[in-house]
Undergrad: 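Got a structure here, written out as structure tokens. Questions coming.
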2 protein chains.
Amino acid sequence: MSDRPDSPADFEARLRAIGDRQYHDKHPFHELLHSGGCTPDQVRAWVINRYYYQTRIPMKDAAFMSRVSDPDLRREWRSRIEDHDGRAPGEGGIARWLKLAAGVGLDPDYVRSEVGILPATRFAVDAYVRFVRDEPLLPAVASSLTELFAPAIHKNRIAGLLEHYDFANTDTLSYFQNRLTEAPKDVAFGLQWVMDNARTRADQDAAVRALIFKTEVLWAQLDALWSAYVEPGRIPPGGWQPGQGLA
Amino acid sequence: MSDRPDSPADFEARLRAIGDRQYHDKHPFHELLHSGGCTPDQVRAWVINRYYYQTRIPMKDAAFMSRVSDPDLRREWRSRIEDHDGRAPGEGGIARWLKLAAGVGLDPDYVRSEVGILPATRFAVDAYVRFVRDEPLLPAVASSLTELFAPAIHKNRIAGLLEHYDFANTDTLSYFQNRLTEAPKDVAFGLQWVMDNARTRADQDAAVRALIFKTEVLWAQLDALWSAYVEPGRIPPGGWQPGQGLA
């Protein structure tokens with residue numbers, strides 16, 4: 001293999017190919033969810049576990065900012081935290097996720113307590129936060145580029161949920177609707193930053209590995225859900241039991 | 001010594017006594033600075049080194065947020081980063097510090113490059129960022145409570161600099177003027193949080209130690225300045241040399 005860096009176009013194509021190959025839109029849980037095949041409890045399990053991921057995203061972004069000495073880059077990145085935490089109580093992506101939780105019959109306070117999160121969900125998500133805290137800035141930014149692939153899955157999800165589930169409406173799905181505009185703004189900046197800062201072949205390879213790592217973080221969460229609540233449906237100790245945390 | 005916690009009033013008095021005893025307003029460098037006794041180069045050395053502290057404050061605050069899973073606490077804390085980084089280029093405390101740098105004849109780009117920062121300044125400031133990243137949340141918040149003591153020193157500084165130095169005006173001193181309103185808002189929240197969360201005697205002791213640690217971080221920076229630029233005036237390898245970085 002050559003040590004020369006790929007051209008910008010080839011490098012970007014390498015990054016995008018990761019999405020085609022292994023983004024979690026390919027996972028059978030999403031097919032089940034979007035096609036209406038999930039039971040109410042399977043939807044609830046997804047909402048409860050994904051909540052953990054949602055809450056850790058701003059912590060991950062803060063961990064990134066804690067390592068950035070450039071005020072301009074920090075300012076740019078800060079909007080991600082605002083998108084999730086909001087500018088006032090009840091605003092932001094996490095509050096919108098809790099509307100979804102209420103919509104599927106869960107008590108938002110139960111979801112917020114983080115009781116019942118599958119241990120494998122915690123391990124995967126915590127690995128992501130640690131990655132961004134510990135790895136160099138280039139792979140840290142590159143790991144966020146799964147947002148390149150997110151709008152497509154969000155559009156499919158909105159359509160699929162609206163078609164198949166009574167709980168789905170513009171209010172309960174507002175999280176995904178907002179991400180349709182937030183994610184492209186973030187990823188345009190992140191992709192450009194990675195393109196500008198991945199100068200060597202080694203840099204490009206590190207960015208590719210980081211993006212693969214991130215897809216693994218997402219995939220592992222759905223494997224854990226599937227194992228616990230679909231097949232074999234063996235809920236591990238500590239995992240949410242259907243009937244718990246209902247509104 | 002009793003294991004019972006102090007009453008809220010006694011605990012707050014213990015915290016405030018730390019300021020009376022060892023806040024860096026007691027350091028002779030500040031007496032020299034505020035009384036007009038600093039040479040232009042001594043003022044420049046202070047501006048260059050303090051810039052490093054200014055830039056690390058938002059990184060410290062981001063490190064704190066990276067460990068907070070409560071969106072409400074994160075949202076409250078985020079305003080500190082906004083105060084320093086601003087909401088647009090050219091705004092915020094760091095930009096205002098660079099106005100002061102220009103006012104004392106320094107090239108802002110030189111200051112921003114972080115060349116010439118005394119190694120002892122870096123060590124002290126980096127220790128603070130690490131403390132907030134690694135210690136439990138209670139000492140992390142408690143370490144920010146030096147803001148309790150800051151408005152008094154900022155008022156003295158504004159008055160002293162305006163009286164004694166040609167570079168001083170409302171534009172070059174805007175950093176301190178803004179802190180007069182920002183710091184009390186932050187510290188009111190931080191003090192209440194520490195009072196609410198320091199339930200045991202051990203908690204209170206940890207908060208007291210954290211605040212003492214922070215005063216040591218501030219004091220060490222002025223000792224390093226004094227050693228390099230006042231007495232004996234032996235600039236260590238790597239430290240700013242008068243004449244460098246002028247506009």
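Residue numbering restarts at 1 for every chain, and letters A, B, ... go by the order of the sequence lines.
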Undergrad: Check whether B/R67 gets within reach of chain A through its side chain, its backbone, both or neither, counting any heavy atom under 4.5 Å.
TA: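 Both backbone and side chain of B/R67 come within 4.5 Å of chain A.
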Undergrad: Counting heavy-atom pairs closer than 4.5 Å to chain B, which one of A/I81, A/D72, A/V129 comes out on top?
TA: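 Option with the greatest count: A/I81.
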Undergrad: Ignoring hydrogens, what is the shortest heavy-atom contact between A/D85 and B/R78? Give both atom names and the distance.
TA: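 Shortest heavy-atom separation between A/D85 and B/R78 comes out as CB-NH1, 3.8 Å.
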Undergrad: Picking from B/E76, B/E82, B/R56, which has the most non-hydrogen pairs under 4.5 angstrom with chain A?
TA: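 The answer is B/E82.
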Undergrad: Locate the shortest heavy-atom distance separating B/R133 from A/S66; write the atom from each residue and the value.
TA: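 The answer is NH2-OG, 3.1 Å.
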Undergrad: Are A/S69 and B/M59 close enough that some pair of their side-chain heavy atoms sits under 4.5 Å apart?
TA: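 A side-chain contact exists here, since the closest heavy-atom pair is under 4.5 Å.
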Undergrad: Check for a donor-acceptor pair, side chain of B/R74 on one end and backbone N or O of A/A62 on the other, with a separation under 3.5 Å.
TA: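 Not confirmed, B/R74 side chain does not pair with A/A62 backbone.
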Undergrad: Considering only heavy atoms and a distance below 4.5 Å, find which of B/S79, B/A88, B/G92 pairs most often with chain A.
TA: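 With the most close heavy-atom pairs to chain A, the winner is B/A88.
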Undergrad: In terms of heavy-atom pairs under 4.5 Å with chain A, which of B/K60, B/E114, B/H84, B/R87 leads?
TA: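 Looking at each of B/K60, B/E114, B/H84, B/R87 in turn, B/R87 comes out on top.
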Undergrad: If you draw a 6.0 Å radius around NZ in B/K185, do more than 12 non-hydrogen atoms from other residues or ligands fall strictly inside?
TA: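 More than 12 heavy atoms, drawn from other residues, nucleotides or ligands, come within 6.0 Å of this atom.
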Undergrad: Counting only non-hydrogen atoms closer than 4.5 Å, does B/I94 touch chain A with its backbone (N, CA, C, O), its side chain (CB onward), both, or neither?
TA: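 Side chain only.
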Undergrad: Below 4.5 Å, heavy-atom pairs only: which of A/D61, A/T55, A/V68 has the largest tally toward chain B?
TA: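 Winner by heavy-atom pair count: A/V68.
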Undergrad: Contact part of B/R112 toward chain A, heavy-atom cut-off under 4.5 Å: side chain, backbone, both or neither?
TA: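 Nothing of B/R112, per the 4.5 Å heavy-atom cut-off to chain A.
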